Amino acid sequence: MRLVLIALLRAYRAVISPLYGQVCRYHPSCSAYALEAVTEHGSLRGSWLAVRRLGRCHPWAAGGYDPVPSRAPAGSSSSTQGA
């Protein structure tokens with residue numbers, strides 16, 4: 001599934017994205033963000049990150065630099081350590 005999503009995103013970037021020109025409010029663009037998210041996080045989490053990013057993209061958004069979150073190192077926990 002991951003490879004299918006990557007192929008679709010690359011096709012979109014090659015065929016459709018150039019028609020819009022440079023209109024993105026964020027860097028990287030939403031399609032580049034989605035491609036990186038799916039490549040780094042897999043199809044399920046990467047798609048979720050891409051959908052969240054698309055939800056933030058609207059005319060009133062400030063925009064700016066918005067990188068794909070990095071993967072947590074193996075064995076680390078999201079809960080707070082120590083008390």
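Owing to the predicted nature of the structure, the values given are computational and were not obtained by experimental measurement.
Listed by first then second residue, pairs satisfying salt bridge (Lys or Arg N to Asp or Glu O under 4.0 Å) with a partner in residues 26-40 number zero, not counting sequence neighbours. A side chain to side chain donor-acceptor pair (under 3.5 Å) check over residues 43-52, counting only residues at least two apart or in different chains, returns nothing.
Hydrophobic side-chain contacts under 4.5 Å tie V4 into a cluster, directly or through other members, with L8. Using a 4.5 Å cut-off between side-chain heavy atoms of Ile, Leu, Val, Met, Phe, Trp and Tyr, L19 forms no hydrophobic cluster with any other residue. Cluster partners of Y33 are L49, V68, counting Ile, Leu, Val, Met, Phe, Trp and Tyr whose side-chain heavy atoms approach within less than 4.5 Å, directly or via other members.
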Residues 22-32 side chain polar contacts: donor-acceptor under 3.5 Å, at least two apart:
residue : atom : partner : partner atom : Å
R25     : NE   : H58     : O            : 3.2
R25     : NH2  : P59     : O            : 3.1
Y26     : OH   : R56     : O            : 3.3
S29     : OG   : S31     : OG           : 3.4
S29     : OG   : A32     : N            : 3.3
S31     : OG   : R13     : NH1          : 3.4

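More than 12 heavy atoms of other residues, nucleotides or ligands shown are found within 6.0 angstrom of CZ on R2.
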